[in-house]
Amino acid sequence: MNSKSCETAGTDPKALYICGPTASGKSALALEMARELDGEIVNADAFQLYRGLEIVSAAPSPDERSQVPHHLYGVLAPTEAADAGSYMRMAKPVIAEIQRRGKTPIVTGGSGLYLKFLTHGPAPLPAGEPELRAQLDARPLDDLVDELTRLDPVEAARTALQNRRFVSRALEICLLTGKQASTLRDQWETQTREISASLHGLVIQRSRPELHARIAARTRAMLEGGAIEEVAALTEVSPNCEKAIGFREIRSLLVGETDRGTCEELINAATRQYAKRQETWFRREKWLSVR
RNA sequence: GGCCCGAUAGCUCAGUUGGUAGAGCAGCGGAUUGAAAAUCCGCGUGUCCCUGGUUCGAAUCCGGGUCGGGCCA
């Protein structure tokens, strides 16, 4: 077992983070660590926050949840919106409360940006505004790039200008604050460095063939285990929820646009691609030790 | 058995009048602080079915095979 995790036992229990790509076995490891460290599990998965999405999001089963206290699973209605900031504000008090009781928070999940907010705090930036975003979405990308370049050339130079999301967000910050996104972001970059040194967590690493096999097995189990019925039952969802891998694919199966085999393969491919992005993300989090 | 069509990347396919091949998807690598299971960027990975021939040169033209599909018996 990992010796590093026991160092702080007895005093103020530090949170243990368990990260890794989807289907790598985070939930199982979390249970194991919770038993070993007298811990409680806190969700760090953007989609397992939602109620009614348990199967598609591969949330821990009722049986698993009965073994150890689990927090922040199924706490949002499918119609509710969420983002990294709102997640952080939900999770911080939960974690503090667990620590107050002398238990170890085992923060478990694969949503890199959500975890990053939790561990390193928010930059001094405004939250997104749906109305402004809708306005920006209606404009051509070139137009947004021009305006960003005018308002904040430094930020424009370091932004991937083909990425509408990134351009739009940078511009949004400038418009909302009247300041330059680049200077606000620089402040956060510097404050963030010392934080990493005080964190501890594990990132699960598996070989590609093994991970891909686990993904295929899990997709099969989901489809046979009620995922189709689950999606059929979700009549009203937020645009957030609609992005869940499996949601769109099962919807098109339900209306007869695809067959079962194609649906399964599309879910597998999307999941593999997501897992790869997660690996890239966590590889950059040097404070995580590889497990 | 006869005739016809097809065989090119992991998959589906494109390939001009002969000049050793390229798209989509998959895959691989990367970026990424309030949409992140999102969004975006980069990379072609090849016994062109086999074999003999024509040609300076064949994925491409000709002969013979093999496999798959279709039609006629």
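In what follows, chains are A, B, ... by sequence order, proteins preceding strands, each numbered from 1. FYI, side chains are in, hydrogens and waters are out, and symmetry mates aren't considered; it's all heavy atoms of this structure.
- The same atom, C1', is picked in B:C71 and in B:C56; the two are 43 Å apart, to the nearest Å.
- A:Thr271 and A:Arg218 form no side-chain donor-acceptor contact under 3.5 Å, judged by distance and modelled atom types alone.
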Note to self: A:Arg169 vs A:Glu172, test: salt bridge (charged side-chain N to carboxylate O under 4.0 Å, His left out). Steps then yes/no.
What the structure shows: CA-CA 5 Å; A:Arg169 172 59 182 159; A:Glu172 177 183 60; 2.7 Å; yes

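- Within the structure, salt bridge (Lys or Arg N to Asp or Glu O under 4.0 Å) pairs that include any residue of residues 254-268 of chain A comprise A:Arg220-A:Glu264, A:Glu265-A:Arg272 (at least two apart or interchain).
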Notebook entry, point to check: Where each pair must be Watson-Crick or G-U wobble with both distances under 3.5 Å, what dot-bracket representation of RNA chain B is obtained, with crossing pairs in [ ] and other-strand partners as |?
Noted result: (((((((..((((.....[..)))).(((((.......))))).....(((((..]....)))))))))))).

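- Cluster annotation: A:Phe247 is not connected to A:Ile55 through the hydrophobic network of ILVMFWY side chains, with a link wherever side-chain heavy atoms come within less than 4.5 Å.
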Side chains of residues 110-117 of chain A: which donor-acceptor partners sit under 3.5 Å, not counting sequence neighbours?
residue, atom, partner, partner atom, Å
A:Ser111, OG, A:Ala46, N, 2.8
A:Lys116, NZ, A:Glu285, OE1, 3.3
A:Lys116, NZ, A:Glu285, OE2, 3.1

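- For the C1' atoms, the distance linking B:G34 with B:G15 amounts to 49 Å, nearest Å.
- Taking atom C1' in both B:G44 and B:U39, the straight-line distance is 24 Å, to the nearest Å.
- With P as the reference atom, B:U54 and B:A21 are 24 Å apart, rounded to whole Å.
- Hydrophobic clustering, with ILVMFWY side chains joined whenever heavy atoms are under 4.5 angstrom apart, keeps A:Leu266 apart from A:Val56.
- For the ring pair (Phe, Tyr, Trp, His ring centres under 6.0 Å) condition, the pairs that include at least one residue of residues 14-58 of chain A, sequence neighbours left out, are A:Tyr17-A:Trp287.
- A sub-4.0 Å separation between OP1 or OP2 of B:G34 and a side-chain N or O of A:Arg185 is present.
- Annotation: B:U20 and B:G63 have their P atoms spaced 25 Å apart (nearest Å).
- Listed by residue number, the members of residues 141-151 of chain A with any heavy atom below 4.0 angstrom from RNA chain B form an empty set.
- Atom P of B:C28 sits at a distance of 15 Å from the matching atom of B:G10, rounded to the whole Å.
- Among the atoms of the strands shown, base atoms are found under 4.0 Å from some heavy atom of A:Lys116.
- Within the 4.5 Å cutoff, side-chain heavy atoms of A:Cys174 are placed close to those of A:Leu148.
- Using a 4.5 Å heavy-atom cutoff, the side chains of A:Arg165 and A:Ser168 are not in contact.
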Between the protein and nucleotides 42-45 of chain B, list every N/O to N/O distance that falls short of 3.5 Å.
none

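- In this structure, A:Asp45 contributes its side chain and A:Ala59 its backbone to no donor-acceptor pair below 3.5 Å.
- Using a 4.0 Å cut-off between charged side-chain N and carboxylate O, A:Arg291 and A:Glu32 make a salt bridge.
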Is there any protein nitrogen or oxygen under 3.5 Å from a nitrogen or oxygen in nucleotides 27-31 of chain B, and what are the pairs?
residue, atom, partner, partner atom, Å
B:G27, OP1, A:Arg272, NE, 2.5
B:G27, OP1, A:Arg272, NH2, 3.3
B:G27, OP2, A:Gln273, NE2, 2.8
B:C28, OP1, A:Arg208, NH1, 2.8
B:C28, O5', A:Arg208, NH1, 3.4
B:G29, OP2, A:Arg208, NH1, 2.7
B:G29, OP2, A:Arg208, NH2, 2.9
B:G29, N7, A:Lys276, NZ, 3.2
B:G30, OP1, A:Arg283, NH1, 2.6
B:G30, OP2, A:Thr280, OG1, 3.4
B:G30, OP2, A:Arg283, NH1, 2.6

Next item on the list: Go through the steps for A:Asp186 and A:Arg158 under the test salt bridge (charged side-chain N to carboxylate O under 4.0 Å, His left out), then give the verdict.
Entry: CA-CA 12 Å; A:Asp186 284 345; A:Arg158 51 163 89 143; 3.2 Å; yes

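- Contacts with RNA chain B (heavy atom under 4.0 Å) in residues 247-264 of chain A: none are found.
- The phosphate of B:G34 has neither OP1 nor OP2 within less than 4.0 Å of any side-chain N or O from A:Tyr114.
- With hydrogens and angles disregarded, a donor-acceptor distance shorter than 3.5 Å links the side chain of A:Lys26 to the backbone of A:Gly20.
- In this structure, OH of A:Tyr87 is placed 17 Å from C1' of B:A38, rounded to the nearest angstrom.
- Under a hydrophobic clustering in which Ile, Leu, Val, Met, Phe, Trp and Tyr are joined whenever their side-chain heavy atoms come within less than 4.5 Å, directly or via other members, A:Trp281 and A:Leu199 fall into the same cluster.
- Note: NZ (A:Lys243) to P (B:C40) measures 12 Å, nearest angstrom.
- No donor-acceptor distance shorter than 3.5 angstrom exists from the side chain of A:Glu249 to the backbone of A:Cys263, with no hydrogens or angles considered.
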Check nucleotides 11-13 of chain B for protein N or O atoms closer than 3.5 Å to its own N or O atoms and list the pairs.
none

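- If you take CE on A:Met90 and CG on A:Leu118, they are separated by 10.5 Å, rounding to the nearest 0.5 Å.
- Shown here, B:G34 is classed syn by the O4'-C1'-N9-C4 or O4'-C1'-N1-C2 angle, which is within 90° of 0.
- Position along RNA chain B of the nearest nucleotide to A:Tyr274 versus A:Thr192 favours A:Thr192 as the more 5'-ward residue.
- Checked by atom type and distance alone, the side chain of A:Ser289 pairs as donor or acceptor with a backbone atom of A:Gly201 at under 3.5 Å.
- Residue order along RNA chain B, read from the 5' end via each residue's closest nucleotide, puts A:Glu265 first among A:Glu265 and A:His120.
- For residues 40-56 of chain A, proximity to RNA chain B is found at A:Asp45, A:Ala46, A:Phe47, A:Val56, defined as any non-hydrogen atom under 4.0 angstrom from a strand atom.
- Among the protein residues, A:Ser57 comes within range of the nucleic acid bases, having at least one heavy atom under 4.0 Å from a base atom.
- For A:Arg206 (side chain) and A:Leu211 (main-chain N/O), no donor-acceptor pair under 3.5 Å exists by modelled atom type.
- Spacing of P atoms, B:A58 relative to B:C50, comes out at 14 Å, to the nearest Å.
- Within the structure, ring pair (Phe, Tyr, Trp, His ring centres under 6.0 Å) contacts touching residues 123-169 of chain A (residues at least two apart or in different chains) do not occur.
- The CD-C1' distance, from A:Glu242 to B:A36, rounds to 16 Å in whole Å.
- In terms of the ring-ring contact (aromatic ring centres under 6.0 Å, His included) criterion, A:Tyr274 has no residue partners (sequence neighbours excluded).
- A salt bridge (Lys or Arg N to Asp or Glu O under 4.0 Å) with A:Glu40 is found for exactly one of A:Lys103, A:Arg35, A:Arg101, A:Arg65, namely A:Arg101.
- For the side chain to side chain donor-acceptor pair (under 3.5 Å) test with A:Arg139, the passing option among A:Asp142, A:Asp143, A:Asp137 is A:Asp143; the others fail.
- Residue A:Asn240 has no polar side-chain atom (N or O) positioned under 4.0 Å from OP1 or OP2 of B:A37.
- Within 4.0 Å of A:Gly121, counting heavy atoms only, lies at least one base atom of the nucleic acid.
- Straight-line distance between the P atoms of B:C48 and B:G19: roughly 16 Å, to the nearest whole Å.
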